[in-house]
Asker: 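Sharing a structure, written as structure tokens. Questions coming.
Remember, it's a predicted structure, so these values are computed and weren't measured experimentally.
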Amino acid sequence: MALQVETATRARLTTTNKNSCPQCSEWLLAPDWSEYLSDRCVRHTWSCEACGYQFETAVVFPVAA
């Protein structure tokens with residue numbers, strides 16, 4: 001079994017910019033809370049340690065084929 005370094009690096013590069021504070025642009029490691037609303041929707045609550053801003057995001061997954 002071979003380690004897929006290229007795939008892991010590419011995935012990391014595309015997700016790091018999404019985890020930033022909309023107020024001060026500080027990078028956020030993980031949400032404070034995640035709530036599964038349905039099979040396709042997850043809500044995250046975030047808080048920024050740098051500026052104290054709090055916000056929510058929602059992730060909606062596509063319908064399985």
Side-chain angles (χ1 to χ4, degrees):
M1 181 158 100
L3 178 62
Q4 301 296 324
V5 176
E6 183 179 326
T7 304
T9 303
R10 190 173 345 146
R12 188 175 338 117
L13 291 174
T14 59
T15 59
T16 55
N17 290 338
K18 295 179 182 179
N19 295 339
S20 61
C21 174
Q23 189 74 23
C24 72
S25 301
E26 183 71 20
W27 184 73
L28 304 172
L29 177 62
D32 297 326
W33 180 262
S34 295
E35 180 180 6
Y36 292 89
L37 302 176
S38 70
D39 290 340
R40 296 183 46 229
C41 185
V42 179
R43 177 173 42 207
H44 301 295
T45 58
W46 303 81
S47 61
C48 178
E49 292 181 9
C51 71
Y53 188 69
Q54 298 178 348
F55 62 100
E56 292 184 358
T57 59
V59 179
V60 179
F61 299 98
V63 175

Asker: For Asp32, check side-chain contact (heavy atoms from CB on, under 4.5 Å) against everything at least two apart and list the hits.
Answerer: Thr45, Ser47
Asker: Taking only residues two or more places apart in sequence or in another chain, which ones pass side-chain contact (heavy atoms from CB on, under 4.5 Å) with Pro22?
Answerer: Tyr53, Phe55
Asker: Looking at every non-hydrogen atom in both residues, tell me the closest pair between Asn19 and Leu29 and how far apart they are.
Answerer: ND2-O, 4.3 Å
Asker: As an exercise, state the distance from SG of Cys24 to CD of Glu49, rounded to the nearest 0.5 Å.
Answerer: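 So the SG of Cys24 and the CD of Glu49 are separated by 11.0 Å.
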Asker: Counting only pairs under 3.5 Å, give me each side-chain donor-acceptor contact of residues 33-43, with atom names and distances, residues two or more places apart or in other chains.
Answerer:
unit_1 : atom_1 : unit_2 : atom_2 : d
Ser34  : OG     : His44  : ND1    : 2.7
Glu35  : OE1    : Arg43  : NH2    : 2.9
Ser38  : OG     : Arg40  : N      : 3.2
Ser38  : OG     : Cys41  : N      : 3.2
Arg40  : NE     : Phe61  : O      : 2.8
Arg40  : NH2    : Phe61  : O      : 3.2

